[in-house]
J.: 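Below is the structure I would like to discuss, written out as structure tokens.
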Protein chains: 2
Amino acid sequence: MPSYKYARPAVTVDNIIFTIQEERLKILLINRGIEPFKSSLALPGGFVRVDESLADAAKRELTEETSLSDFHIKMFGMFDDINRDPRDRVITIGFYAIIPSHDIDIAAGSDAENVDWYDFNDIPALAFDHNSIVTAAFNALKQDLENSSIAALFLDDEFTLAEFQNVYEIILTKKVDKRNFRKSILADNLLIKTDNMKSGGQHRPAALYKIASGENEKSAVDNNNFPSLNVKKTNNDSTDELYQKGYNKGLEKGYVSGFKNALSKTNKALSRLKPDIGS
Amino acid sequence: MPSYKYARPAVTVDNIIFTIQEERLKILLINRGIEPFKSSLALPGGFVRVDESLADAAKRELTEETSLSDFHIKMFGMFDDINRDPRDRVITIGFYAIIPSHDIDIAAGSDAENVDWYDFNDIPALAFDHNSIVTAAFNALKQDLENSSIAALFLDDEFTLAEFQNVYEIILTKKVDKRNFRKSILADNLLIKTDNMKSGGQHRPAALYKIASGENEKSAVDNNNFPSLNVKKTNNDSTDELYQKGYNKGLEKGYVSGFKNALSKTNKALSRLKPDIGS
DNA sequence: CCAAAAGTGTTTTTCGTACACCCATGG
DNA sequence: CCATGGGTGTACGAAAAACACTTTTGG
């Protein structure tokens with residue numbers, strides 16, 4: 001029973017697990033079995049152990065909750081209101097994860113009684129301050145969508161540009177001009193064309209693309225903090241290039257505008273969002 | 001002597017206090033009096049109490065260290081390496097503060113033996129991982145500089161555009177085209193012209209500007225999390241405008257690119273950074 | 001041969017950038 | 001009257017945005 005000279009806040013992680021299912025953005029929620037907020041929906045999460053980093057804690061919880069492994073996670077914020085948990089002083093750090101559609105059944109099936117997917121546009125009142133956390137996660141997701149190739153994480157390893165564009169349109173709830181989108185995406189060199197085609201519909205087959213992994217392709221799978229996903233290059237000088245630990249760890253290969261938006265070409269990214277007036 | 005069922009990490013805050021002195025960006029460092037890293041330089045900071053938020057803890061420490069009050073602070077990152085403190089598992093949250101030049105003497109004078117200003121471009125090896133934290137703080141500062149009017153916090157309440165521009169040039173270490181800078185700044189409506197002029201030099205007097213506080217002007221002084229500093233408006237829709245708690249609290253009135261950035265007009269901001277070739 | 005999605009270029013507009021001269025003051 | 005910084009507008013080029021038709025397949 002560890003004791004300390006001064007009281008300490010508890011530290012937890014909460015995970016927002018995004019996926020796309022039936023053309024809708026969804027997140028995983030659990031039905032709380034205990035008070036407080038018993039039988040409310042809540043984000044999966046748990047306490048951080050003293051021998052693990054925050055990201056490791058998030059991944060451990062994710063594996064417990066979904067029985068998947070090899071997550072791509074991203075720290076996006078922290079929540080520290082004194083009274084956010086009525087039982088104790090709890091500081092929580094938010095991570096979001098992206099699960100490709102083909103893993104949905106595995107993820108939600110692990111503990112079907114208590115775990116299910118919910119449409120992002122129809123989230124009920126959640127336990128604690130979890131609605132705020134969900135909102136923050138979504139804002140981070142949208143921003144990262146503009147500045148990296150994370151949209152590919154919703155898809156199979158190889159995907160068509162139409163599928164890729166569809167991820168943007170679903171998450172940003174905007175139609176995009178196809179020609180400008182393709183021009184912009186390909187100019188960023190975040191994707192590379194494979195030799196494979198996707199046939200199937202009664203229409204012309206589409207070329208399959210994959211994310212242009214920075215160094216080697218394996219690292220895209222092994223590392224769980226989005227590091228090998230390409231981040232848009234920017235004209236950084238000197239200090240910008242220093243390794244920035246901590247919060248931005250997940251995007252360490254580029255500048256995180258992110259939160260701001262770092263100084264990446266945000267306007268360029270926005271060009272994809274304009275509705276397709278033509279045709 | 002509080003005790004818990006499971007061991008808990010300690011939670012601390014560390015403050016990077018920026019100011020401009022003699023045309024140089026400086027930060028406040030303390031000389032550690034105790035092991036580990038005894039007599040190394042380090043960031044001011046301390047433990048978070050269970051009855052205070054992270055921001056309150058940062059402000060409390062700031063007041064203790066500088067004997068100033070009413071700080072503008074911004075949470076910019078967290079640092080959670082398991083071994084970052086050899087004594088214990090310590091998670092720290094970084095805040096930066098900006099102090100106007102006219103408060104420098106007060107700030108550093110409170111505990112002159114151990115506290116002093118150091119040129120940002122000449123920071124020695126610091127205790128713990130504090131060099132990483134300083135780098136992250138600087139990146140956040142640069143980014144916020146592009147997306148809000150925080151540059152004004154280095155100055156008096158009213159200031160000339162030349163002084164304002166000078167803040168950018170010092171922090172970004174780049175010369176800026178005067179005409180483009182003024183055009184860009186004024187187009188953002190982050191500043192408003194006062195009726196006052198600054199005379200003095202043997203040249204034409206300069207118009208004084210102040211930050212265009214969002215609602216009322218007092219809140220710019222009262223609130224310590226940069227909330228009333230104007231943040232560049234962006235074309236957000238629906239969900240973007242939801243209140244985003246937690247990490248981005250300091251900029252809640254706008255979109256935080258920032259970190260991440262958000263989707264503000266970063267390119268526009270960058271235009272100010274181009275050297276002034278002319279004249 | 002027809003429906004349905006894949007794929008592809010050009011024009012227009014907007015925005016970033018370079019650039020030079022007159023103004024008001026103090027000494 | 002002159003040295004010093006304050007203050008202003010325009011023209012050019014690059015990038016974003018609008019926009020429509022041909023191609024390839026399956027049924």
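Computed from a predicted structure; not experimentally measured. Just so it is clear: chains get the letters A, B, ... in the order the sequence lines come, proteins before strands, and each one is counted from 1.
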J.: Using residues 17-28 of chain B as the side-chain source, report each donor-acceptor pair under 3.5 Å to any protein atom, sequence neighbours left out, with the distance given to one decimal.
T.:
from, atom 1, to, atom 2, distance (Å)
B:Thr19, OG1, B:Ile99, O, 2.6
B:Arg24, NE, B:Asp119, OD2, 2.7
B:Arg24, NH2, B:Asp119, OD2, 3.1

J.: Rounding to an integer number of Å, can you tell me how far A:Ile185 CD1 sits from C:dG7 C1'?
T.: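 Roughly 16 Å, once rounded to whole Å.
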J.: Taking CG from B:Asp188 and P from C:dC15, how many angstroms apart are they, rounded to a whole number?
T.: 12 Å
J.: Which nucleotide in the list D:dG7, C:dA20, C:dT10 gets nearest to the side chain of B:Ala207?
T.: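 Side chain of B:Ala207 sits closest to D:dG7.
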J.: Looking only at the side chain of B:Asp177 (C-beta and beyond, no hydrogens), which of the listed nucleotides C:dT17, C:dC19, C:dT8 gets closest?
T.: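 Of the candidates, C:dC19 comes closest.
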J.: Would you mind telling me which of C:dA6, C:dG7, D:dG6 lies closest to the side-chain atoms of A:Ala162?
T.: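 Nucleotide nearest to A:Ala162's side chain: C:dA6.
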J.: With A:Asn189, which residues qualify under side-chain contact (heavy atoms from CB on, under 4.5 Å), at least two apart?
T.: none
J.: Looking at D:dA16, does its base get a donor-acceptor pair with the side chain of A:Asn180 below 3.5 Å?
T.: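 For A:Asn180, whose side chain was compared with the base of D:dA16, there is no donor-acceptor pair (under 3.5 Å).
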J.: Sequence neighbours excluded, which residues qualify as ring pair (Phe, Tyr, Trp, His ring centres under 6.0 Å) partners of B:Tyr209?
T.: none
J.: Shorter than 3.5 Å, N or O on both sides, protein versus nucleotides 23-26 of chain C: list them out with atom names.
T.:
from, atom 1, to, atom 2, distance (Å)
C:dC23, O4', B:Arg204, NH1, 3.3
C:dA24, N3, B:Arg204, N, 3.1
C:dT25, O2, B:Gln202, O, 3.2
C:dT25, O2, B:His203, N, 3.0

J.: Figure out the CE/C1' separation between A:Met197 and C:dA5, and round it to whole Å.
T.: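 After rounding, the gap between these two atoms is 12 Å.
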J.: Grab the CZ-P distance between B:Phe159 and D:dG5 for me, whole Å please.
T.: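 For the pair B:Phe159 CZ and D:dG5 P, the rounded distance is 21 Å.
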J.: What pairs with B:Asp156 under side-chain contact (heavy atoms from CB on, under 4.5 Å), at least two apart in sequence or on another chain?
T.: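 For B:Asp156 the side-chain contact (heavy atoms from CB on, under 4.5 Å) partners, ignoring immediate neighbours, are B:His102.
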J.: Please tell me which of the listed nucleotides, D:dG6, D:dA18, D:dG9, lies nearest to the side chain of B:Lys183?
T.: D:dG9
J.: Can you tell me how far the CD atom of A:Glu169 sits from the NZ atom of A:Lys175, to the nearest 0.5 Å?
T.: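 If we round to the nearest 0.5 Å, A:Glu169:CD and A:Lys175:NZ are 4.5 Å apart.
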J.: Ignoring backbone atoms, test whether A:Arg182 places a side-chain nitrogen or oxygen under 4.0 Å from the OP1 or OP2 oxygen of C:dT8.
T.: no
J.: Please identify each residue that fulfils side-chain contact (heavy atoms from CB on, under 4.5 Å) with B:Arg204, with sequence neighbours left out.
T.: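 For B:Arg204, no residue satisfies side-chain contact (heavy atoms from CB on, under 4.5 Å) once neighbours in sequence are set aside.
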J.: Using only modelled atom types and a 3.5 angstrom limit, is any donor from either the side chain of A:Lys198 or the base of D:dT25 paired with an acceptor on the other?
T.: no
J.: In whole angstroms, how far is the P atom of D:dA16 from the CZ atom of A:Phe181?
T.: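 Result: 15 Å.
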J.: Could you tell me whether A:Phe181 and A:Tyr168 have their ring centroids closer than 6.0 angstrom?
T.: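 Ring centroids of A:Phe181 and A:Tyr168 are less than 6.0 Å from each other.
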J.: Taking CZ from A:Arg179 and C1' from C:dA6, how many angstroms apart are they, rounded to a whole number?
T.: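 Computing the A:Arg179:CZ to C:dA6:C1' distance gives 13 Å.
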J.: Grab the CD-C1' distance between A:Gln165 and C:dG7 for me, whole Å please.
T.: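 Rounding to the nearest Å, CD of A:Gln165 and C1' of C:dG7 are 12 Å apart.
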J.: Nearest whole angstrom, please: distance from the C1' of C:dA6 to the NZ of A:Lys193.
T.: 11 Å
